[in-house]
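The block underneath contains the structure these notes are about, expressed in structure tokens.
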Amino acid sequence: MIGFAKINGQDAYTTYGISFRPGTYAELLKAPKRKAGYEYNWGDEDGIETDPDEEPVFERQTYNLPIYLEADNEVQFYSRYNALRNFLLNAKEFNLDFLKMARRFKVRYADMSSFQNLTRINGNNKVGCYITIQLTDDYPTDTFAIV
């Protein structure tokens, strides 16, 4: 999975052993939820009064990204996991680039909502785990080019 995604300009697989699992694009391509605008429900009229000229604004976007963290052995696994964990805990806003989409997401770490146990990969000595990382995006309508 080298060349699939970058985190602050570093290849996600080379640096952290991260591969993005099925469901990643489904998370990233969801449209944001619109915030409620002006509404008034007159008791003696049909429907609800709204402002037809009001510009739409949107909620913060939340992504639950399913990832797979892989390493050649347990020592490398813990090194990669700790590097990823330290990065997420200390980063403020960071760039997450998906190269095939030609799209940059400016996100913040919110939660590691799941961690499935460290396991050996059948047929070789590799070690890996499944993780779901929750990221938030305060620019849900902006499209940033990868520079």
Side-chain angles (χ1 to χ4, degrees), residues 1-41 47-122 124 126-147:
M1 292 301 275
I2 294 173
F4 185 79
K6 291 187 176 185
I7 299 171
N8 272 359
Q10 295 184 309
D11 186 83
Y13 185 80
T14 304
T15 305
Y16 302 109
I18 291 175
S19 297
F20 290 87
R21 295 173 47 213
T24 296
Y25 280 172
E27 280 293 307
L28 294 172
L29 294 174
K30 292 188 303 189
K33 180 180 178 182
R34 187 173 175 169
K35 289 183 178 181
Y38 167 77
E39 292 182 348
Y40 189 78
N41 191 358
I48 294 177
E49 180 180 59
T50 60
D51 180 359
D53 297 322
E54 182 177 53
E55 290 291 324
V57 290
F58 297 86
E59 300 280 344
R60 164 189 267 188
Q61 191 100 11
T62 300
Y63 308 115
N64 291 296
L65 299 183
I67 67 171
Y68 178 68
L69 196 149
E70 174 185 342
D72 291 332
N73 53 54
E74 285 188 49
V75 171
Q76 185 185 46
F77 173 84
Y78 287 115
S79 175
R80 285 179 168 181
Y81 174 78
N82 288 329
L84 176 63
R85 184 178 186 274
N86 288 335
F87 172 78
L88 293 173
L89 294 179
N90 292 302
K92 294 175 176 64
E93 185 174 87
F94 63 93
N95 295 326
L96 181 59
D97 300 338
F98 284 88
L99 306 177
K100 288 184 181 182
M101 295 173 71
R103 175 125 183 243
R104 168 170 286 170
F105 296 84
K106 294 184 183 236
V107 293
R108 294 177 183 263
Y109 170 73
D111 189 17
M112 187 180 289
S113 58
S114 75
F115 181 99
Q116 293 178 5
N117 292 336
L118 177 70
T119 59
R120 291 228 174 260
I121 301 170
N122 293 336
N124 60 42
K126 292 189 180 260
V127 178
C129 71
Y130 293 112
I131 301 172
T132 302
I133 295 178
Q134 187 177 81
L135 303 174
T136 59
D137 180 353
D138 288 318
Y139 312 96
T141 60
D142 294 339
T143 302
F144 300 101
I146 298 171
V147 290

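Since the structure is predicted, the reported quantities are computational estimates derived from the model, not experimental observations. Along the sequence shown, residues are numbered consecutively beginning with 1.
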Could you pull out the closest heavy-atom pair between [X] and [Y], with the gap in Å?
X      : Y      : value
Arg80  : Leu69  : CB-CD2, 4.2 Å
Asn64  : Ser113 : OD1-OG, 4.3 Å
Pro32  : Pro140 : CB-CB, 3.6 Å
Leu135 : Tyr109 : CD2-CA, 3.7 Å
Tyr25  : Met101 : CE2-SD, 3.4 Å
Asp138 : Arg60  : OD1-NE, 2.7 Å

| task | Test Phe94 against Lys106 for side chain to side chain contact (heavy atoms under 4.5 Å, CB included), laying out the working first. | result | CA-CA 6 Å; Phe94 63 93; Lys106 294 184 183 236; over 6 Å; no
| request: Kindly determine whether Asp11 and Lys6 satisfy salt bridge (Lys or Arg N to Asp or Glu O under 4.0 Å), including the steps that lead there. | output: CA-CA 4 Å; Asp11 186 83; Lys6 291 187 176 185; over 6 Å; no
| request: Please work out which of the three classes, parallel, tilted or perpendicular, describes the rings of Phe87 and Tyr16, given edges at 30° and 60°. | output: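 Taking Phe87 first and then Tyr16, their aromatic rings sit tilted (interplane angle of 30° to 60°).
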| request: Hey, can you tell me if Tyr68 and Tyr130 have their rings parallel, tilted or perpendicular (30° and 60° cut-offs)? | output: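 Judged by the thresholds at 30° and 60°, the geometry between Tyr68 and Tyr130 is tilted.
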[X] side, atom [atom1]; [Y] side, atom [atom2] - distance, nearest 0.5 Å:
X      : Y      : atom1 : atom2 : result
Ile18  : Tyr13  : CD1   : OH    : 11.5 Å
Gln10  : Asp97  : CD    : CG    : 11.5 Å
Lys30  : Thr62  : NZ    : OG1   : 7.5 Å
Leu96  : Leu65  : CG    : CG    : 6.5 Å
Met112 : Thr132 : CE    : OG1   : 9.5 Å
Glu93  : Asp137 : CD    : CG    : 8.5 Å

Quick one, [X] and [Y] - any side-chain contact, counting heavy atoms below 4.5 Å?
X     : Y      : value
Phe98 : Arg103 : no
Tyr63 : Leu28  : yes
Pro56 : Arg34  : yes
Ser19 : Ile67  : no

| request: May I ask you to decide if Ala12's main-chain N or O and Thr15's side chain share a donor-acceptor pair within less than 3.5 Å? | output: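 It does not hold such a pair.
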| Would you say Asp111's side chain and Gln134's backbone share a donor-acceptor pair under 3.5 angstrom? |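 Side chain of Asp111 to backbone of Gln134: no pair is present.
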| Derivation of the side chain to side chain donor-acceptor pair (under 3.5 Å) call for Tyr139 and Gln61 | CA-CA 8 Å; Tyr139 312 96; Gln61 191 100 11; over 6 Å; no
| Candidate pair Glu70 and Lys126, rule salt bridge (Lys or Arg N to Asp or Glu O under 4.0 Å), full reasoning | CA-CA 7 Å; Glu70 174 185 342; Lys126 292 189 180 260; 3.2 Å; yes
| request: May I ask you to check whether Phe105 and Phe144 place their ring centres under 6.0 Å from each other? | output: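 No: the rings miss the under 6.0 Å criterion.
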| query | Would a line drawn from the ring center of Tyr81 to the ring center of Phe115 be shorter than 6.0 Å? | reply |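 Ring-ring flag for Tyr81/Phe115: true, centres closer than 6.0 Å.
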| Does a sphere of radius 6.0 Å around CZ in Arg85 hold more than 12 heavy atoms from other residues, nucleotides or ligands, not counting ones at 6.0 Å or beyond? |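 No.
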